[in-house]
Amino acid sequence: MCGIVGYIGEQQAYPILIKGLHRLEYRGYDSAGVSMITSQQALNVYKATGKVSALEEKCSAEDTTGTIGIAHTRWATHGEPNTVNAHPHRSQSGNLSLVHNGIIENYKTLRAMLEKEGYTFHSDTDTEVLVQLIEYTQKSNKCDLFTAVQRALKNVVGAYAIAILEREYPDRIVCARKGSPLVIGVGTDAHGKKEFYIGSDATPIIEYTNQVIYLKDEEIALMTRQSDLPEIINLANVHQTPEMHTLRLSLDELEKGGYPHFMLKEIWEQPNALRTCIRGRIHVQAKDVLLSGIVDHKERFLNARRIIICACGTSWHSALIGKYFIEEAAHIPVEVEYASEFRYRNPVIYPDDIVIAVSQSGETADTLAAIQLAEQKGAFLYGICNVIGSSIARATHSGTYIHVGPEIGVASTKAFTGQVVTLCLLGLAIAKVKRTLSDEMFHTLVDELQTIPDKIQWTLEHNKDIDKFAQMFTYCRNFLFLGRGYNYPVALEGALKLKEISYIHAEGYPAAEMKHGPIALVDEEMPCVFIAPKRGMYDKVVSNIQEIKSRKGKIISVVTEGDKTVSDMSDYTFVIPDTRDCFVPLLAVIPLQLLSYYVATAKGRNVDQPRNLAKSVTVE
Ligand code: F6R
């Protein structure tokens, strides 16, 4: 939610800020703004509604000079997306400008206090309250900006990542974080002088430097032109030593690579992404699964009474598949919880429970809060994240990265399959520790899992014509997705993908649940997508298809290559190769991703940045 970029150095800041905003646009894209201090010490602020390109257009007629600046792309929380509410916000005197990601929960109280002190407000945002509060603190304490930010934030309840400029001191930027991510890049310019970059994540920074500092919660950082490293202090007044990390992210991974959209690129990347995810974790000769996150905590997993997985959205769907697999392979009961519900209950947690957070971004506020609650109750925390060094990855005791590379398209695709593969690896590794699978079965599963990347490649190549008939579905108002067993979560995921990018209403159900109500919806205008591989409950799914067909529903099916029965009953079929039941989701989801993509593009939707959504949901 919201993207922040900042720069201080000898280069012109504006091009760096704009490029950074484009890279962060997936985090929010309803309005954008920049602020630079010119060489004449003017603090300019420009804002526009809509995408970053609208801001660029606006700025083309403005003075955008300056070697220090901050910028923001917004996903509205307080106040509608318009230029007044867009960031950066200025302080009353015009001396400060500030960008913010997060939510200030006590902003109304702070605003009332500031109004009494004579401050006036132009926007509906919590952010404007923050910048005024900092200025008020600075004036009433007669202190520098760094100290004022630290003192002001002590009165703030909520989540924030902020970056601030001060007109009178064009040689410094102050930033701070709590609950929302912020990364500082430390680069060296052509003359050997240090320069600093700020980003909500590393994507706007990687082009310039791979040396980064992840600001921790309640830390405030000061970057000046005179220093080689940021000065960092926390809310408790303790100076912190900056911890430098080296990024292993390449610029190529962040670009579209010839595809029209990131989403399509990421769908096609899945074979390679999953090879990387598996690589080094399956020991081919010994036919063993090695996850360091487990090896280091073997006893925990051996004695675990229960696993609770907390996640949201697509990650929740992959967690459901993980539940089925871990229960089957490792014989541990697994509960899958919506993180947003879990965090506000008083869940029963035993000391020998393992709580797993599944999150692509590693920044989802609800998931982070859920594991923080679990930790307070004594649970051991395990993270399954994609973004290296993300908040959830750092908040957990151990974990496994899915290693599928940056996912930029807002609709999750390769992260879903990466999470499922990682959860299967986890299930196998626990099964090995607990000896719950026979050697033969263990080896069969390990062998089969390694064939999945090739089978996904096959699936992609054999379903290329989905784009041709996607046109026919653009007029549909509703869709049903149906599956059983391991394929019930695939039905949920297929429905979520379609609704989020095409805006067609879609629901996923366990196929057998239809007769308990939803079948009333079925008529000749209702497409029903069945995941019907020739495995497990095939005959039962065939009966479910029959029930829909006799109510004139349109049948779209995902079938195993060579299947005739379901194909003959279907209006359209997508083929997948045969695999074991537990790995079918990894193949069956591919045509559903393609279907959503092509229906949405045929409807002219912006698939990479669908309306009202953001990639990283850092607010609750
Ligand atoms: C859907 C989608 C979302 C995310 C959810 C959790 O395509 O991307 O439903 O899965 O917001 O995000 P992470 O996995 O980053 O915690």
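Just follow the structure's listing: the first ligand is 1, and inside any ligand the first atom is 1. This one's a predicted model, so the numbers in the text were calculated from it and none came from an experiment.
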Relative to the heavy atoms of [X], which atoms of ligand 1 are at a distance of less than 4.0 Å?
X      : result
Ala411 : 7 (O)
Glu500 : 1 (C), 7 (O)
Ser359 : 13 (P), 14 (O), 15 (O), 16 (O)

Between [Y] and [X], do the side chains contain a donor N or O and an acceptor N or O under 3.5 Å apart?
X      : Y      : answer
Gln593 : Gln270 : yes
Tyr214 : Glu219 : no
Asp201 : Thr203 : yes

Thr364, Leu613, Ile392, Asn386: member with heavy atom nearest to atom 16 (O) of ligand 1 =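 Going through Thr364, Leu613, Ile392, Asn386 one by one, Thr364 has the nearest heavy atom to atom 16 (O) of ligand 1.
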Exceeds 12 heavy-atom contacts within 6.0 angstrom, atom CD of Glu341 |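 No.
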Result of checking Lys499, His505, Glu507 against Asn478 for side-chain hydrogen bond (donor to acceptor under 3.5 Å, both in side chains) |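 That would be His505; it is the only one of Lys499, His505, Glu507 passing the side-chain hydrogen bond (donor to acceptor under 3.5 Å, both in side chains) with Asn478.
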Starting from [atom], which protein heavy atom do you reach first, and at what distance in Å?
atom                    : answer
atom 15 (O) of ligand 1 : Ser361 OG, 2.6 Å
atom 5 (C) of ligand 1  : Cys312 O, 3.7 Å
atom 11 (O) of ligand 1 : Val617 CG2, 3.9 Å

Could you label the plane-to-plane angle of the Phe473 and Phe479 rings as parallel, tilted or perpendicular, counting under 30° as parallel and over 60° as perpendicular?
->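 Plane angle over 60°, so perpendicular.
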Any nitrogen or oxygen of Thr314, main chain or side chain, under 3.5 Å from a nitrogen or oxygen of ligand 1?
->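 Yes; the residue has a nitrogen or oxygen that sits under 3.5 Å from a nitrogen or oxygen of the ligand.
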Run the contact test for Lys497 against ligand 1 with a 4.0 Å cut-off on heavy atoms, strictly below, and give the result.
->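 Yes, that is the case, since the closest heavy atom of the residue is under 4.0 Å from the ligand.
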Is the Lys NZ or Arg CZ of Arg306 less than 6.0 Å from the centre of Tyr350's six-membered ring, within 45° of the axis?
->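 No, a cation-pi geometry is absent between Arg306 and Tyr350.
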